[in-house]
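Convention: sequence-line order gives letters A, B, ...; per-chain numbering from 1.
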Protein chains: 2
Amino acid sequence: MATGRTHRPATRSRGIPEATVARLPLYLRALTALSERSVPTVSSEELAAAAGVNSAKLRKDFSYLGSYGTRGVGYDVEYLVYQISRELGLTQDWPVVIVGIGNLGAALANYGGFASRGFRVAALIDADPAMAGKPVAGIPVQHTDELEKIIKDNGVSIGVIATPAGAAQQVSERLIAAGVTSILNFAPTVLSVPEGVDVRKVDLSIELQILAFHEQRKAGEEAAGAGADVSPPPLRGGAATNRKGPDGDVPAVMPA
Amino acid sequence: MATGRTHRPATRSRGIPEATVARLPLYLRALTALSERSVPTVSSEELAAAAGVNSAKLRKDFSYLGSYGTRGVGYDVEYLVYQISRELGLTQDWPVVIVGIGNLGAALANYGGFASRGFRVAALIDADPAMAGKPVAGIPVQHTDELEKIIKDNGVSIGVIATPAGAAQQVSERLIAAGVTSILNFAPTVLSVPEGVDVRKVDLSIELQILAFHEQRKAGEEAAGAGADVSPPPLRGGAATNRKGPDGDVPAVMPA
DNA sequence: ACTTGTGAACAGATTCACAGCC
DNA sequence: GGCTGTGAATCTGTTCACAAGT
């Protein structure tokens, strides 16, 4: 097995940190906006502001791609747009399929930013026979039975799952068996997939819960600042070790 | 222990790492499923598998919340559901507004997982006067003019932005001015907000671009393993230092 | 015997701060 | 003078491995 070194940073300029990869699309968007306004060059400071990050981070990120700037001047906008696009693999067109054309699937199909940047909706797939043939966003919906054929005929390697949670795992298995190796999952489930398949998930309720956590904390600090006590009735003593409510403690959530 | 120390880990059990917070909703979902199947206890190993993480990470995460397990046995499902819910602030109900009732906004409004877990759609808001009064997901859409009043009357602190990119910044400013302190942004823009306001973003095209990056890399490694050359025409020499195409290099993207 | 809880080691990401080049 | 590129320092997160508790 001399191949497939997925872990080590390889020789050198390969092995861009994951955190950097996740920011490249952000930079690309900001650069595209500058390009449309025909701005020729931009400093790390300006670009960082536009992308919502700090400039040291941006420079470090770019340093993984190569030395694409000019000291004392900044970065050439067009040049960088090309380099980042290439690094992200957007100089080629990726056909994607969307499975599950409910409200969300339809919204995704209609989303413009799709086509604009290297992606093409190759097909819409839904399990409901009544949907078959109906056009959504100008593309006729096809039945799940056709899934394997569609994937193969179009050389699709990226699939978007927008089905109900219950169907997602099975859909992912069919996609993968047919040749898909990257999945964007909107269904609120953990997908289990074989080694080598990438999954990214987008989950509304998780995001809201994270916001709620911080929101609650803000309320608590505010109250503390004003002199009120933060934790009124529920447990959690102040002692460092040996907490844990023994048993009379789970208040009105459902248990016995 | 004066007031509002937002940065240091405080005395002790405050200061749950951000990465842990982001996983709590995942654990909660897995636990809820177990709870529905009336499973009384679960080991870190089992729960970790269900949540798609490894067990050491899960135990470490839980250790930030307190000692809620029993050695040799595992965790009590109901008890943990309650503790995590409380930690996330889901024992109270959070009213949220959705601004921008296009395809996506409607999909979000219809999304069930919303109401189920501590969130309540208090209002739908859209700038199109033609939408006003129309019910979406059983809730009548209200006009943007009412935004401030709606936020204040309902004590909304979490807003969801599903408008086009161009409107998002302005909408966020109005939400914040009216009292919102957490925003979930689906518009493909960087929002700039004052200190103390939390923003999380969900961006389809960023996720796809990250997948494309890995997809491209897979294709490259495969080719390399098979003996083919990875980088056919474009630049990027192999030399370690002193790269950067001097000027005849930007191939057919748009520049001069 | 089994599983949690956690220090300690490790790995990854961010920030600092400045040398190097325009 | 101004701005990039990057080592070094720092911070955050993950994994290991085992002592402690049931």
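Atom C1' of nucleotide D/dT4 and atom CD of A/Glu46 are separated by 14 Å, given to the nearest angstrom. Regarding A/Leu65, its CG atom lies at a distance of 15 Å from the P atom of D/dT4, rounded to whole Å. Atom CD in A/Gln83 sits about 17 Å away from atom P in D/dT4, given to the nearest Å. Distance B/Leu58 CG to C/dG5 P: 10 Å, rounded to the nearest Å. Nucleotide D/dC3 holds its P atom 16 Å from the CZ atom of A/Phe62, rounded to whole Å. Here the P atom of nucleotide C/dG12 and the CD1 atom of A/Ile16 are 15 Å apart, to the nearest Å.
The shortest distance between side-chain heavy atoms of A/Tyr68 and A/Tyr79 falls below 4.5 Å.
Across A/Val53, A/Leu65, A/Val81, a single residue satisfies side-chain contact (heavy atoms from CB on, under 4.5 Å) together with A/Tyr27, and that is A/Val53.
Closest heavy-atom contact between A/Thr189 and B/Arg29: N-NH1, 3.8 Å. A/Lys218 and B/Thr181 get closest at one heavy-atom pair: NZ-O, 2.5 Å.
Side-chain atoms of B/Tyr75 lie closest to C/dG5 of the nucleotides C/dG5, C/dA13, D/dG13.
A salt bridge does not link A/Arg217 to B/Asp198: none of the charged nitrogens lies less than 4.0 Å from a carboxylate oxygen.
Residues passing the side chain to side chain contact (heavy atoms under 4.5 Å, CB included) test with A/Ser44, sequence neighbours excluded: A/Ser55, A/Leu58, A/Arg59, A/Tyr75.
The phosphate of D/dC3 (OP1 or OP2) has no side-chain N or O of A/Ser44 nearer than 4.0 angstrom.
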5' to 3', nucleotides 14-22 of chain C under a 4.0 Å protein heavy-atom cut-off (B base, S sugar-phosphate only, - none) gives SB-B--BBS
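Nucleic acid contact class of B/Glu18 (heavy atoms, under 4.0 Å, all strands): sugar-phosphate only.
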